[in-house]
Amino acid sequence: MLPSTSPKDKITTMEDEVTALINKERGKAGCVAVRTDERMRTAGRAHSADMAKNNYFSHTGRDGSSFVDRLERAGYPRDGAAGENIAYGYTTAQAVVTGWMNSEGHRKNILNCSAKATGVGLAYRGTSAYWTQLFGRI
């Protein structure tokens, strides 16, 4: 019997595409590639889903949480948290990465060579995309 090879869902595929694209940018800058950490993906998805569900856009959660708090809730070590990028409305992985690379603060997070891990979370409110990308040093 062959192992199950179910295809990735659309959201996971888009999240993974963001990671591949930022790793290309990191490579151009001389940084090593980051790996996907599923705890970080969980935290990113939860924040994106909360923003989409409650129609807001902020690095601060409705409960006052920071990205460090949300990472810790998802099981990622608090002292490993390195940064967060959020975006709204970008319809493709390439579009959101281009937007982040054209923003000084977001670009700095992407090209932080001390980052070793990332997690991208995508959620929708209707057809509007909410993106969260987290970075960690562990």
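Computed from a predicted structure; not experimentally measured. In what follows, residues are counted from 1 in the order of the sequence shown.
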Undergrad: Test Thr42 against Tyr76 for side chain to side chain contact (heavy atoms under 4.5 Å, CB included), laying out the working first.
TA: CA-CA 10 Å; Thr42 296; Tyr76 193 82; over 6 Å; no
Undergrad: For Leu134, does its backbone N or O pair with a side-chain atom of Thr118 as donor and acceptor, under 3.5 Å?
TA: yes
Undergrad: Charged N to carboxylate O under 4.0 angstrom, Lys116 versus Asp37?
TA: no
Undergrad: In terms of hydrophobic clusters joined by side-chain contacts under 4.5 Å, are Val34 and Val68 together?
TA: no
Undergrad: Apply side chain to side chain donor-acceptor pair (under 3.5 Å) to Thr13 and Asp16, showing your working.
TA: CA-CA 5 Å; Thr13 298; Asp16 289 347; over 6 Å; no
Undergrad: Between Arg125 (side chain) and Lys53 (backbone), is there a donor-acceptor pair under 3.5 Å?
TA: yes
Undergrad: How would you list all residue pairs meeting ring pair (Phe, Tyr, Trp, His ring centres under 6.0 Å) that involve residues 111-138, not counting sequence neighbours?
TA: Tyr88-Tyr130
Undergrad: Got a second to check how far Ser66's OG is from His59's NE2, nearest 0.5 Å?
TA: 11.5 Å
Undergrad: Taking all heavy atoms of Tyr90 and all of Ala129, pick out the closest pair and write down the distance.
TA: O-CB, 3.3 Å
Undergrad: Leu111 and Met101: which non-hydrogen atoms are nearest, and at how many Å?
TA: CD1-CE, 4.2 Å
Undergrad: Give me the atom names and distance for the closest heavy-atom approach of Asp69 to Gly64.
TA: OD2-O, 4.4 Å
Undergrad: Does the side chain of Gln94 come under 3.5 Å of the side chain of Thr98 through a donor N or O and an acceptor N or O?
TA: yes
Undergrad: So, the side chain of Arg62 versus the backbone of Asn54: is there a donor-acceptor pair under 3.5 Å, distance only?
TA: no
Undergrad: Salt bridge between Asp63 and Arg73, side-chain N to carboxylate O under 4.0 Å?
TA: yes
Undergrad: Hey, quick one: are Trp100 and Met51 part of the same hydrophobic cluster, counting side-chain heavy atoms closer than 4.5 Å, chains of contacts allowed?
TA: no
Undergrad: What closest approach, in Å, do Asn109 and Gly83 show between heavy atoms, and which atom pair accounts for it?
TA: OD1-CA, 4.1 Å
Undergrad: Could you tell me the separation between the CD1 atom of Ile11 and the OG atom of Ser48, rounded to the nearest 0.5 Å?
TA: 9.5 Å
Undergrad: Would you call Arg107-Glu25 a salt bridge at under 4.0 Å N-O?
TA: no
Undergrad: Do you know which two heavy atoms are closest between Val18 and Ala93, and how far apart they sit?
TA: CG2-CB, 3.6 Å
Undergrad: Do any N or O atoms from the side chain of Arg45 and from the backbone of Val120 form a donor-acceptor pair under 3.5 angstrom?
TA: no
Undergrad: What disulfide (SG to SG under 2.5 Å) pairs are there with at least one residue in residues 54-123, not counting sequence neighbours?
TA: Cys31-Cys113
Undergrad: May I ask whether Leu71 and Ile138 are part of the same hydrophobic cluster, defined by side-chain heavy atoms of I, L, V, M, F, W, Y residues being less than 4.5 angstrom apart, directly or through others?
TA: yes
Undergrad: If you compare all heavy atoms of Ala74 against all heavy atoms of Ala43, which two are closest, and at what distance to 0.1 Å?
TA: CB-CB, 3.9 Å
Undergrad: Using a distance-only test with no angle check, is there a side-chain donor-acceptor pair under 3.5 angstrom linking Thr12 and Asp9?
TA: yes
Undergrad: Tell me if a side-chain donor or acceptor on Asn85 pairs with a main-chain N or O of Gln133 at a distance below 3.5 Å.
TA: no
Undergrad: Whether the side chain of Arg39 engages the backbone of Gly75 through a donor-acceptor N/O pair (distance < 3.5 Å, no angle test) should be reported.
TA: yes
Undergrad: Can a donor-acceptor pair be found between the side chains of Ser114 and Arg137 at a distance below 3.5 Å?
TA: no
Undergrad: Going from NZ on Lys10 to CD on Glu17, what distance comes out if it is rounded to the nearest 0.5 angstrom?
TA: 11.5 Å
Undergrad: Is there a path of hydrophobic side-chain contacts, each under 4.5 Å between heavy atoms of I/L/V/M/F/W/Y residues, joining Ile110 to Ile86?
TA: no
Undergrad: Looking at Arg41, His47, Met40, which hits side-chain contact (heavy atoms from CB on, under 4.5 Å) with Thr132?
TA: His47
